Amino acid sequence: MATMTKTSPKTTPPSTAAKPTRLPSETLQQWLRYMLLIREFEVRCMQAYQNKKIVGFCHVYIGQEAVAVGCTAAVKPDDPIITAYRDHGHALARGMDPKYCMAEMFGKIGGCAKGKGGSMHMFDKTHWLFGGHGIVGAQTPLGAGLAFATKYIDEVINGGKSKKVTLAFLGDGALNQGAFHEALNLAGLFDLPVIFCVENNGYSMGTAISRGTTMGHDITSKAIGYGMDSAVVDGMDILKLYEHFKPVVDKARETSRPAFVDIRTYRYKGHSMSDPRKYRTKEEEQNYEAEDPIDRLATTLMADYQWPREKYDEMIKEVRDQVRESVEWADASPEPPIDELYKDVYVEEWGPYKGTSLPEMLREQKD
Ligand SMILES: Cc1ncc(C[n+]2csc(CCOP(=O)(O)OP(=O)(O)O)c2C)c(N)n1
Ligand SMILES: [Mg+2]
């Protein structure tokens, strides 16, 4: 178990980092494609919501694309990831086929959770994505638990050859939840390789963090109390994000210690589909949109890597087609049959439902 003197927590301001190595053009193109995919996916979700193809809660990720794509790029494909309810971006960045993601949005059987979870519950076992959670902060102790499990398996079964790092994403609003503090405390005590990635978009629903919603002016001060390193990173510029986030991941893997990262970002749209955003000015939104993470990366590729404009147009078209196809696929996917209601609730079928499907039970009841 760790002692508080083991590491001296410190905050790393982005400006002090060494000059980044030039990443290959292909890597940047891949990131751009993922960011475009998320943006287009979300735009189509908003349309589908207005057309009542998607119902219930729906929180889109537009503006925050660089965070999911950049952070995911900094870990290995089999490092666990867990997040809150603004989760479509993480699922797509992790490699979920957009058709499974869209079918989940539509509540169809073809969805990643057979249409039983919807927007807030994207799960993908093959891509090590553990949700998608609707209760603010609830995923943070689960993130610590994932790190505990991977560390235990690595040390006890794999002889230290499979060190993993878990990314636990949360919003700035989750900083005030008790579960978050319990998770940080245990992660610090048990030396858990988990990074608490705060997607600090400045708002918890309609309340701005700048109004003083959480104690400590610099949110990284929370990490100090739990004996872990922290960093502040720019979430609107994927190159800067990767440059500062990757060393945090590498260190967590090497030292098996947790870390806390304040990722500065912005959501362009409302908290959810029913939010008219009256609590902030158009000017504020336009200022962020002028620094758009997708435009920024595309500009870098074209200006610094001589990537042709036609290739960008081609990429946009391919992504649009892919998302349109995913909408069509989701639309065509059937509704979940009624006996799905009692499946996937317990590992083993339980109680009165054991061995009997719901339609059979209803039939029996009628007789
Ligand atoms: C425990 C709990 N309290 C309240 C809510 C209602 N609620 C849903 S989202 C939200 C705001 C969270 O904001 P933040 O964590 O910053 O995430 P963001 O929406 O900005 O991504 C609240 C209060 C909830 N889902 N769970
Ligand atoms: Mg927020």
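Each ligand, and each atom within it, is numbered from 1 in the order the structure gives. Nothing fancy with the numbering, it's 1 onward along the sequence. Not measured: the values here are computed from a predicted model.
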N/O/S from Asn200 sitting under 2.8 Å away from the Mg ion (ligand 2): no
Nearest-neighbour protein heavy atom for atom 12 (C) of ligand 1, which is reported as residue plus atom name and distance: Tyr85 OH, 3.1 Å
Ligand-side contact atoms (ligand 1) for residue partner Met205, heavy atom cut-off under 4.0 Å: 7 (N), 10 (C), 11 (C), 22 (C), 23 (C)
NZ/NE/NH1/NH2 to OD/OE distance under 4.0 Å, Asp313 and Lys317: no
Atoms in ligand 1 with a heavy atom of Ala174 nearer than 4.0 Å: 15 (O)
Aromatic ring pairing Tyr279/Tyr203, orientation class (parallel under 30°, perpendicular over 60°, tilted between): tilted
For Asn201, atoms of ligand 1 separated by under 4.0 Å from a heavy atom: 18 (P), 20 (O), 21 (O)
Whether Asp172 has an N, O or S atom under 2.8 Å from the Mg ion (ligand 2): yes
Nearest atoms (heavy-atom pairs only) where Gly111 meets Ala103: N-CB, 3.4 Å
His59 and ligand 1 - part of the residue with a heavy-atom distance under 4.0 Å: neither
Contact atoms of ligand 1, heavy-atom distance to Gly173 under 4.0 Å: 13 (O), 14 (P), 15 (O), 16 (O)
Those atoms of ligand 1 less than 4.0 Å from some heavy atom in Tyr203: 16 (O), 20 (O)
The Mg ion (ligand 2) reached by Tyr203 (N, O or S, under 2.8 Å): yes
Geometric class of the Tyr312/Trp307 ring pair [parallel <30°, tilted 30-60°, perpendicular >60°]: tilted
For Gln177, atoms of ligand 1 separated by under 4.0 Å from a heavy atom: 1 (C)
Residue that, paired with Asp78, satisfies salt bridge (Lys or Arg N to Asp or Glu O under 4.0 Å) out of Lys164, Lys163, Arg94: Lys164
Ligand 1 contact on Glu199 by region, counting heavy-atom pairs under 4.0 Å: neither
Charged tip of Lys76 within 45° of Trp128 ring normal and under 6.0 Å: no
Thr140 side chain reached by Phe196 side chain, heavy atoms, under 4.5 Å: yes
Ligand 1 atoms in contact with Gly134 (distance to a heavy atom under 4.0 Å): 25 (N)
Donor-acceptor contact below 3.5 Å, side chain Thr27 vs main chain Leu23: no
Ligand 1 atoms in contact with Arg86 (distance to a heavy atom under 4.0 Å): 18 (P), 19 (O), 21 (O)
Residues that, via side-chain heavy atoms closer than 4.5 angstrom, fall in one hydrophobic cluster with Val136: Phe57, Tyr85, Met120
Option passing side-chain hydrogen bond (donor to acceptor under 3.5 Å, both in side chains) with Tyr266 (candidates Glu284, Glu199, Glu289): Glu284
Heavy-atom nearest neighbour of atom 4 (C) of ligand 1 within options Thr83, Ile135, Val136, Val198: Val136
